[in-house]
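Reading through the structure tokens given below for one structure.
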Protein chains: 2
Amino acid sequence: MTRKKVKLAFIMNDSARKATYKKRKKGLMKKVNELSTLCGIDACAIIYSPYEAQPEVWPNNIGVQRVLAQFKRMPEMEQSKKMVNQESFIKQRITKANDQLKKQIKENREKEMTEVMYQCLTGKRDHSKLDPAGFE
Amino acid sequence: MTRKKVKLAFIMNDSARKATYKKRKKGLMKKVNELSTLCGIDACAIIYSPYEAQPEVWPNNIGVQRVLAQFKRMPEMEQSKKMVNQESFIKQRITKANDQLKKQIKENREKEMTEVMYQCLTGKRDHSKLDPAGFE
DNA sequence: GTTCCTATCTATAAACC
DNA sequence: TGGTTTATAGATAGGAA
């Protein structure tokens, strides 16, 4: 039985995406910790996810703030010195986001449809379902 | 022959430490990129090392600054936590990416200008500066 | 959704140029 | 000091309970 070789693309299935997020976030944090310990360096990671109101960080808020303060002090000239070709990178992200959006709109449309049908069947409106609560 | 199970502690040997740093930094950046792509999340990583004058970051300086700004606004964000649904979330990302792109194009243009002027003054070319480094 | 499992895939410590 | 190779430790996708 051959396991499908996960391709690097947005995971459309909500539960699968969340499961993957949790596993990989854990693995990532561990990696940052290892790198920092093994090589004695200063580093931080900040992750914003739809699953947590607060960003998840390494090593902790204070550590992150310290690194960020350092980062802000960096002269701008130096920052752009090692300019990589960010243009194409960002373009890629836009394309990716657009694809996601298209699919999301479709999903939302289907959800609305379900909602309308539900209202017809029950004869009442359930506004809580329209709560823009987001995706969790 | 069993391989020694690397223990999580500062590597005393200088060259070994640097070698490990380079390998693990690369692996880490890849992981952050994968997590971001697979789960469509906003994240950044900043690494200060004695091997580089500037911190090495993911995804790029602009991305880091954006996350930084977000991070500083955290207290307020707490209240309006889950007010965005996936659709507007993605739309936001597209808008942000577009802004980034516009800014990047402008920056690159200025970079080219500076480079050309430099060539005129010194009469030589330094192709190394055009290396589109990036993270594979 | 969560925890556990494990076949597979990936990262990387060492060794060697 | 910086690439390549290779064997093994470690990460994790998918499935089951």
Value in whole Å for how far the [atom2] atom of [N] lies from [atom1] of [X]:
{"X": "A:N33", "N": "D:dA11", "atom1": "CG", "atom2": "P", "answer": "11 Å"}
{"X": "A:R24", "N": "C:dT10", "atom1": "CZ", "atom2": "P", "answer": "9 Å"}
{"X": "B:Y21", "N": "D:dG2", "atom1": "OH", "atom2": "P", "answer": "13 Å"}
{"X": "A:K30", "N": "C:dT10", "atom1": "NZ", "atom2": "P", "answer": "18 Å"}
{"X": "A:L38", "N": "C:dA13", "atom1": "CG", "atom2": "P", "answer": "7 Å"}
{"X": "B:L28", "N": "D:dA11", "atom1": "CG", "atom2": "P", "answer": "12 Å"}
{"X": "B:R17", "N": "C:dA13", "atom1": "CZ", "atom2": "C1'", "answer": "16 Å"}
{"X": "B:N13", "N": "D:dT1", "atom1": "CG", "atom2": "P", "answer": "10 Å"}

Quiz item: If you check the B:K23 side chain, which of C:dG1, D:dT1, C:dA14 turns out closest?
Solution: C:dA14

When we call it a touch if two heavy atoms are under 4.0 Å apart, what does [X] touch: a base, just sugar-phosphate, or nothing?
{"X": "A:K31", "value": "sugar-phosphate"}
{"X": "A:K22", "value": "sugar-phosphate"}
{"X": "A:T20", "value": "sugar-phosphate"}

Exercise. Determine yes or no for a side-chain-to-main-chain donor-acceptor pair under 3.5 angstrom, with A:S36 supplying the side chain and A:D42 the backbone.
Key: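 Such a contact is absent between A:S36 side chain and A:D42 backbone.
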
Quiz item: Is there a donor-acceptor contact under 3.5 Å from the side chain of A:R17 to the main chain of A:I11?
Solution: yes

Quiz item: Do B:I47 and B:P55 come close enough that some side-chain heavy atom pair is under 4.5 Å?
Solution: no

Quiz item: Closest approach of A:W58 and A:V32, non-hydrogen atoms and distance?
Solution: CE3-CG1, 3.4 Å

